[in-house]
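Quick notes on the structure that follows.
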Number of protein chains: 2
Amino acid sequence: MAAPLALALIHYPVLDKHGDVITSAVTNLDIHDIARTARTYGVARYYLVTPAAEQVRVVERILAHWQTGSGARYNPDRAEALTLVRVVADVAAALADFAALTHATPLPVLTGARRTDGLSVQACRALREQQPLLLLFGTGWGLADSFFAQNWPVLEPVQGCGDYNHLPVRSAVAIILDRLLAAPSAETA
Amino acid sequence: MAAPLALALIHYPVLDKHGDVITSAVTNLDIHDIARTARTYGVARYYLVTPAAEQVRVVERILAHWQTGSGARYNPDRAEALTLVRVVADVAAALADFAALTHATPLPVLTGARRTDGLSVQACRALREQQPLLLLFGTGWGLADSFFAQNWPVLEPVQGCGDYNHLPVRSAVAIILDRLLAAPSAETA
């Protein structure tokens, strides 16, 4: 019986294209796309992590529109997916919320295209037998180096077919959830 | 040696949430996200299929910005991904272009969440040993019924973990390309 899994989409500290640490803006599409993908794969929570108070207000306004207003009537599937979303100031707050939800100590797992020394999908699935996992995804050009100094495990990057590796974070989330969580198909079961 | 694979993102004829046939609008994010995912997985072409002349002009303006203007300097990885994009009026035009590129007869393969009688990923990979494949994805609420009357093969839908199945098309493309095209990992090779 695998433990619950949650996602955190990090908006600070992340890198820009020059490698400098920035706070990125929360985008409407990251909220909706990733919430729907998370809901499809049975993810327990989707945390939007931003320390920017103004960004928190924007997200809460978007959530309220789709969950209680005319948006909920227009698209109930979208409202259902958004019930997974929580806006928090940092990873510690996400871990605290997820611990309260699961009555266990969640383990953060880092993701990113720049690392080649990561855990395999199989090893990550095995970790999930032990405790809840919180997968951390960076916006912009990826998670800042400070995350990688924490001794948290790192998932192997998604490799496509060649040396181009600039997946949108929305696509990386979808691929990683499918690899970690999809039921085995008849051909491989 | 597998044959080349291409994608077509269909904007007409597709369904709206009531099941009526509509022409959907091309979105900026569908262009960029899917082009980057396609480039990562070595896809040969990404066709935006719309019969609306005004939409064609919008797409061509976006492509020109990122491929030749200040956008190309700002983000060369994005420019590289967009070299895969072609805007065509219908699936026949996409097939003709892809045939000219591959000197072969491409086979359209339909996708969608509503079908349960589809080809497995393994069977789809085997088809690709025979001839180039053009994967068709619907925007809005999916491909119109007329596509399914053509005797074209249909790929099995992406199943998550449960009965919620409302993946964004951008996520569905990413997951299907990963299932069909990713190099096998060490654990399953």
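Treat the numbers as computed from the prediction; the structure is a model and nothing was measured. A, B, ... follow the sequence lines: proteins, then strands. Residue 1 opens every chain.
- In this structure, A/Q159 and B/A182 approach most closely via the heavy-atom pair O-CB, 4.4 Å.
- Among all heavy-atom pairs drawn from A/R36 and B/H166, the shortest one is NE-O, 2.9 Å.
- Contact annotation for residues 89-100 of chain B against chain A (heavy-atom separation below 4.5 Å): no residues qualify.
- B/F147 CZ: more than 12 foreign heavy atoms inside a 6.0 Å radius.
- In this view, B/R170 and A/D33, B/D30 satisfy the salt bridge (Lys or Arg N to Asp or Glu O under 4.0 Å) rule, not counting sequence neighbours.
- Here salt bridge (Lys or Arg N to Asp or Glu O under 4.0 Å) pairs that include residues 56-85 of chain B, with residues two or more places apart or in two chains, are B/R39-B/E80, B/E54-B/R57.
- For chain B, the nearby part of A/V158 is the side chain; its heavy atoms alone come within less than 4.5 Å.
- Interface remark: A/L181 contributes backbone and side-chain atoms alike to the contact with chain B (heavy atom separation under 4.5 Å).
- Pairing each heavy atom of B/L167 with each of A/T37, the nearest pair is CD2-CA, 3.8 Å.
- Legend: residues meeting ring-ring contact (aromatic ring centres under 6.0 Å, His included) with B/W141, ordered by chain and number and at least two apart, are absent.
- In the hydrophobic clustering of ILVMFWY residues, with side-chain heavy atoms under 4.5 Å counting as a link, B/Y46 and B/L82 come out together.
- What you find for A/S171 and B/A174 is that their closest heavy atoms are CB-CB, 3.8 Å.
- By the rule that hydrophobic residues join a cluster once side-chain heavy atoms approach within less than 4.5 Å of another member, A/V56 and A/I31 end up as members of one cluster.
- Counting non-hydrogen atoms of other residues, nucleotides and ligands closer than 6.0 Å to OH of B/Y74 gives a total of 12 or fewer.
- Hydrophobic clustering, with ILVMFWY side chains joined whenever heavy atoms are under 4.5 angstrom apart, keeps B/V49 apart from B/I34.
- Using a 4.5 Å cut-off between heavy atoms, A/A81 touches chain B through backbone and side chain atoms alike.
- Across A/G160, A/G42, A/C161, A/A172, the residue that shares the most heavy-atom pairs under 4.5 angstrom with chain B is A/C161.
- A/L180 is connected to A/I175 through a chain of hydrophobic side-chain contacts under 4.5 Å among Ile, Leu, Val, Met, Phe, Trp and Tyr, so both are in one cluster.
- A/F137 and A/L127 fall within a single hydrophobic cluster, where Ile, Leu, Val, Met, Phe, Trp and Tyr are joined by side-chain heavy atoms under 4.5 Å apart, directly or via other members.
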